[in-house]
Each structure stands twice: as C-alpha cells, then as structure tokens.
Amino acid sequence: MSTEQPEVLFVCVHNAGRSQMAAALLDHHAAGRVTVRSAGSAPADTINPAVVEAMNELGLDLSKEFPKPLTDEAVRASDVVITMGCGDACPVYPGKRYLNWELDDPAGQGLDAVRAIRDDIDRRVLGLLRDLAVSGQELSEH
C-alpha cells in the first residue's frame, strides 16, 4: 500500500445501499485504521430506508449519510477500489487494487433480503480487512 493507513473506496450505482453498507461496516470493524469512502456513479437522492433500518439493527447509524458522486479525486486517493455493479463507470489508474463484488441490489427489496445482502457484505469486509493486514487492535465484532 502506498500510505501508512490504507484508503478504500466502495462504489455502486446509486450510493444508496451496497456501498453505504460496506463503508459503514469497514469503518466500524477497522476502528479508525482504514480511511473509508463511498460513492455512486449515478447517486440517488437519499439512502434506501431498508438499508438504514438493517444497519440500525447492528447499531450503525446511516441517518446522517447521503449518496455522493463518484469523483476522479476519490479514486486517485484510494489504495483499493471496490465496485458493486458499476465497474465500467469507475476510472482505472495504475497502482490501485480493484475488486468487483457481485452483490444483489437492495433497491426495492424487503428488509429480510437487505439483511442477507448486509451480512454478505459484512463477511467480505472482514476478509478485506484481513487482506489489508491492518496492524493494531483486534477486529471489532458486532
């Protein structure tokens, strides 16, 4: 990694579900040891209410978050860029690690489906954190 503290960017189309959950989960588990951002290639107006509710169940508050546009600067600043269904819209730069996570879109899904997506993202985030080999405290658990 190019920086002492790795920077991770999660990108999905609307930045209203998958990327918001991934960013909140990584931020929670990393406990300040990773800089986390999320963005959307076509950001929605608000975060999916079912996503907010599913994250509240874990004690993670997304009510103050909002969808953000994908910028060239955010990609350039990141060590790892994780796309979730919008890979073609994300600029590619040498020296960055790109991952694509195939995940169901929570848009229009009920809470049970969103919980399953959240739990899948949580497992992937924990694996990513191990891959980043961030030194320091133990991984936090829910």
Side-chain angles (χ1 to χ4, degrees), residues 1-93 96-142:
M1 297 288 158
S2 59
T3 59
E4 193 172 303
Q5 179 167 309
E7 297 193 26
V8 176
L9 172 65
F10 293 101
V11 183
C12 67
V13 176
H14 299 299
N15 191 222
R18 294 167 288 188
S19 57
Q20 291 282 351
M21 288 191 285
L25 288 162
L26 180 56
D27 188 58
H28 169 72
H29 291 304
R33 296 170 288 149
V34 177
T35 301
V36 183
R37 294 184 183 86
S38 70
S41 55
D45 293 329
T46 60
I47 294 180
N48 179 330
V51 166
V52 173
E53 187 174 344
M55 296 303 284
N56 277 341
E57 292 176 353
L58 301 181
L60 301 175
D61 182 9
L62 293 184
S63 65
K64 292 180 176 59
E65 295 296 329
F66 58 93
K68 295 166 272 310
L70 176 63
T71 65
D72 200 50
E73 295 77 27
V75 176
R76 286 183 188 272
S78 299
D79 298 301
V80 180
V81 179
I82 299 173
T83 57
M84 304 169 171
C86 66
D88 294 346
C90 191
V92 176
Y93 294 104
K96 308 289 177 198
R97 180 176 170 202
Y98 290 87
L99 300 171
N100 183 51
W101 289 357
E102 294 289 338
L103 297 162
D104 290 337
D105 188 343
Q109 303 266 9
L111 187 55
D112 286 341
V114 173
R115 283 183 188 120
I117 296 165
R118 174 201 67 198
D119 294 345
D120 184 8
I121 291 170
D122 196 36
R123 284 187 293 278
R124 293 170 190 243
V125 161
L126 288 170
L128 174 67
L129 199 52
R130 284 188 296 274
D131 288 349
L132 292 173
V134 177
S135 61
Q137 314 150 2
E138 299 267 328
L139 297 178
S140 62
E141 297 294 332
H142 304 300

Walk me through it: do Leu128 and Phe10 pass the test side-chain contact (heavy atoms from CB on, under 4.5 Å)?
-> CA-CA 12 Å; Leu128 174 67; Phe10 293 101; 4.2 Å; yes
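- Residues Val80 and Asp131 fail the side-chain proximity criterion, which asks for heavy atoms closer than 4.5 Å.
- Residues Gln109 and Ala50 approach most closely at O-CB, 4.2 Å, considering heavy atoms.
- Taking both residues in full, the closest heavy atoms of Ser19 and Ala39 are given as OG-O, 3.8 Å, listed atom of the first, atom of the second, then distance.
- By the 4.5 Å heavy-atom criterion applied to side chains, Arg124 and Leu103 are counted as neighbours.
- You'll find the side chain of Tyr98 stays beyond 4.5 Å of the side chain of Val11, heavy atoms only.
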Worked check of side-chain contact (heavy atoms from CB on, under 4.5 Å) between Leu60 and Asp27 | CA-CA 10 Å; Leu60 301 175; Asp27 188 58; over 6 Å; no
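- Summarising the geometry, atom CG belonging to Asp61 is positioned 5.5 Å from atom CG belonging to Asn56; distances are rounded to the nearest 0.5 Å.
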Could you walk me through whether Asp105 and His14 pass the side chain to side chain donor-acceptor pair (under 3.5 Å) check?
-> CA-CA 10 Å; Asp105 188 343; His14 299 299; 5.5 Å; no
Test side-chain contact (heavy atoms from CB on, under 4.5 Å) applied to Leu99 and Thr83, step by step = CA-CA 6 Å; Leu99 300 171; Thr83 57; over 6 Å; no
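- Of all the heavy atoms in Met21 and Ile121, the pair that sits closest is CE-CD1, 3.8 Å.
- Met55 approaches Ala24 most closely through the heavy-atom pair CE-CB, 3.7 Å.
- Summarising the geometry of Phe66 relative to Asn15, their closest heavy-atom pair is O-OD1, 3.8 Å, with the distance given to 0.1 Å.
- Of all heavy-atom pairs spanning Ala16 and Cys12, the tightest one is N-SG, 4.3 Å.
- To the nearest 0.5 angstrom, Arg97 atom CZ is 6.5 Å from Leu132 atom CG.
- Between Asp119 and Arg123 no salt bridge is recorded (no basic side-chain N to carboxylate O distance below 4.0 Å).
- Under the 4.5 Å side-chain criterion, counting only non-hydrogen atoms from C-beta, Gln20 is in contact with Lys68.
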For Asp122 and His29, what are the C-alpha separation, side-chain angles and deciding distance, and is it a side-chain contact (heavy atoms from CB on, under 4.5 Å)?
-> CA-CA 9 Å; Asp122 196 36; His29 291 304; 2.7 Å; yes
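- Val51 has its side chain out of reach of Ile117: every pair of non-hydrogen atoms, C-beta onward, lies at least 4.5 Å apart.
- In this structure, the side chains of Asp45 and Pro67 stay at 4.5 Å or more apart for every pair of heavy atoms.
- Under the 4.5 Å side-chain criterion, counting only non-hydrogen atoms from C-beta, Arg118 is in contact with Arg115.
- Going from atom CD1 of Ile47 over to atom NZ of Lys64 covers 12.0 Å, rounded to the nearest 0.5 Å.
- Looking only at side-chain heavy atoms (C-beta outward), Val125 and His28 stay at 4.5 Å or farther from each other.
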